[in-house]
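Heads up, the thing below is written out as structure tokens.
Worth saying up front: this structure is predicted, and the values here are computed from it rather than measured. When a residue number appears, it is its place in the shown sequence, counting from 1.
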Amino acid sequence: MSNSTSPVSNVPPWPWDTPPGTLIETCAAALLSRLEHGRPVYLLIDAFSGSPNGFDTIDRPRHAINTKYLKVPPERAPCLLELEDRHDPLLGQSLISAVQEHLNACAGGGGPCRIGGWLQTHGSDGAALAIQLSALFRARGAPNGGRYLRLADRRVLALLHQASRLQSVLPLPPIDWSSGLQGIAVWTYMGTNFDLQSLQGAAGESRPRPLKLEASHWTLLLQAEAINRTLMAWQRTCHPLPGDAVFRALQKVRLASQLGLIGPKNQSACAAEALQHPAFEQWPGLSHCLAETILREWPLADVLAQHRANWMPSASTNS
């Protein structure tokens, strides 16, 4: 494991098992700076893989996000918890949960990120915001008709938010976030390096409507799981990830697909190995190894663990 330093000072060497206090303090200050005083904060929860621990019985107003037209069972649909304001104790609890989710995903190479973000509106209430998000998640432009745009998973939101940086790999028209999020004053979410990112909608009343995406955006989203698994596996040994991490992950995932690897687990195993260990792609036995892996339908991660000494002579095959 690398002992790379974090952008936040006075934290222990990476990796961390639990969220360092200094990191939480820094993130909390950044989050508070983006939220207005005296107005409700809406905590977006992605319940596709279940509710975050302790959040299913929270005593706060809850606003369901209707996804019945997208064939998502109610118990797996996202929802909004209404916090009284930026000083609600649940805000800090949700921030800690978001950091811990990210740590767990790094350690395991994947896993749910249920804290979708923190939103405030220009004036509409929680019920109106839930209606707006219900429409937003029915994005237009999906192949074969309507499709659930899972923006409550902050990694999906982050991928689309960063789409403009991926132009040289995949031509992606700009997304009109301001218009698409009209009525939403701020939507803040946690990014890959525990940094907070925000989107803002235009001022005015909420306008429930789908987000307009093009076919190339959906092509990117089809690779989202492989890209995010790659980033998480890469971050096991590298923190912070470089600024072009998503661009490089997409490149390697697409190369893995071109090599014949199918499925996000195998594609991300190949992509992460290439990003963590550049000598991997020069290994003379790589083509044969991949061909046999594909033929026998072996999990590539297990195969790489057995062969790693070939491109990392000083490393244990169990590293």
Side-chain angles (χ1 to χ4, degrees), residues 27 31 41-58 60-83 90-91 93-106 108-121 126-127 129-139 142 146-162 177 180-181 184 186-192 194-199 210-211 213 217-218 220-229 231-232 264:
C27 291
L31 179 56
V41 178
Y42 298 97
L43 172 61
L44 177 60
I45 291 180
D46 179 17
F48 202 81
S49 301
S51 295
N53 291 337
F55 282 78
D56 51 350
T57 58
I58 289 290
R60 297 291 190 284
R62 188 178 294 261
H63 306 283
I65 295 175
N66 187 349
T67 55
K68 67 178 182 180
Y69 298 109
L70 299 165
K71 301 179 181 178
V72 178
E75 67 275 10
R76 303 182 72 187
C79 71
L80 293 166
L81 291 183
E82 183 173 337
L83 282 57
L90 188 58
L91 187 75
Q93 184 180 339
S94 63
L95 180 64
I96 293 171
S97 292
V99 174
Q100 187 64 62
E101 286 176 336
H102 190 81
L103 292 177
N104 294 344
C106 289
C113 287
R114 301 178 175 111
I115 303 297
W118 303 270
L119 295 84
Q120 284 185 322
T121 69
L129 178 59
I131 292 171
Q132 181 176 5
L133 293 181
S134 296
L136 194 70
F137 295 168
R138 297 196 300 271
R147 182 169 178 169
Y148 178 30
L149 178 62
R150 197 174 152 198
L151 293 178
D153 184 329
R154 61 183 187 261
R155 296 163 298 189
V156 174
L157 180 65
L159 193 58
L160 288 176
H161 192 188
Q162 299 180 63
W177 292 105
L181 303 184
I184 297 175
V186 65
W187 183 343
T188 297
Y189 64 90
M190 181 163 287
T192 303
F194 307 97
D195 53 330
L196 296 179
Q197 303 290 333
S198 294
L199 290 160
L211 187 67
L213 299 181
H217 295 123
W218 290 104
L220 175 65
L221 290 173
L222 289 174
Q223 298 172 307
E225 184 179 350
I227 293 169
N228 286 314
R229 282 182 172 273
L231 292 171
M232 294 301 96

Task: All salt bridge (charged side-chain N to carboxylate O under 4.0 Å, His left out) counterparts of Glu225, not counting sequence neighbours - done: Arg229
Compare every heavy atom of [Y] with every heavy atom of [X], then report the nearest pair and how far apart it is.
X      : Y      : answer
Ser49  : Arg150 : OG-NH2, 4.3 Å
Leu83  : Leu90  : CD1-CD2, 3.8 Å
Thr67  : Pro78  : CG2-CD, 4.1 Å
Ser97  : Ile115 : CB-CG1, 4.0 Å
Leu136 : Gly180 : CD1-O, 3.5 Å
His217 : Leu160 : CB-CD2, 4.3 Å

Open item on the list: Between Leu95 and Met190, does the side-chain contact (heavy atoms from CB on, under 4.5 Å) criterion hold? Intermediate values first, please.
Closed with: CA-CA 9 Å; Leu95 180 64; Met190 181 163 287; 3.6 Å; yes
TODO: Test Ile58 against Leu43 for side-chain contact (heavy atoms from CB on, under 4.5 Å), laying out the working first.
DONE: CA-CA 12 Å; Ile58 289 290; Leu43 172 61; over 6 Å; no
Side-chain heavy-atom pair [X], [Y] within 4.5 angstrom cut-off:
X      : Y      : result
Asn228 : Thr192 : no
Phe48  : Asp153 : no
Leu133 : Ile184 : yes
Trp187 : Leu151 : yes
Trp218 : Leu149 : yes
Val99  : His102 : no

Would you compute the distance between atom [atom1] of [X] and atom [atom2] of [Y] and round it to the nearest 0.5 angstrom?
X      : Y      : atom1 : atom2 : answer
Leu44  : Cys79  : CG    : SG    : 8.0 Å
Ile227 : Met232 : CD1   : CE    : 12.0 Å
Leu81  : Tyr42  : CG    : OH    : 11.5 Å
Leu129 : Leu80  : CG    : CG    : 5.0 Å
Glu101 : Arg154 : CD    : CZ    : 5.0 Å
Arg60  : Thr57  : CZ    : OG1   : 11.0 Å

Open item on the list: If the condition is side-chain hydrogen bond (donor to acceptor under 3.5 Å, both in side chains), which residues does Trp118 pass it with, not counting sequence neighbours?
Closed with: Ser94
Open item on the list: Testing the 3.5 Å rule here: is there a donor-acceptor pair between the side chains of Tyr189 and His161?
Closed with: yes
- [ ] Take Val72 and Phe137, measure what side-chain contact (heavy atoms from CB on, under 4.5 Å) needs, and give me the verdict at the end.
- [x] CA-CA 11 Å; Val72 178; Phe137 295 168; over 6 Å; no
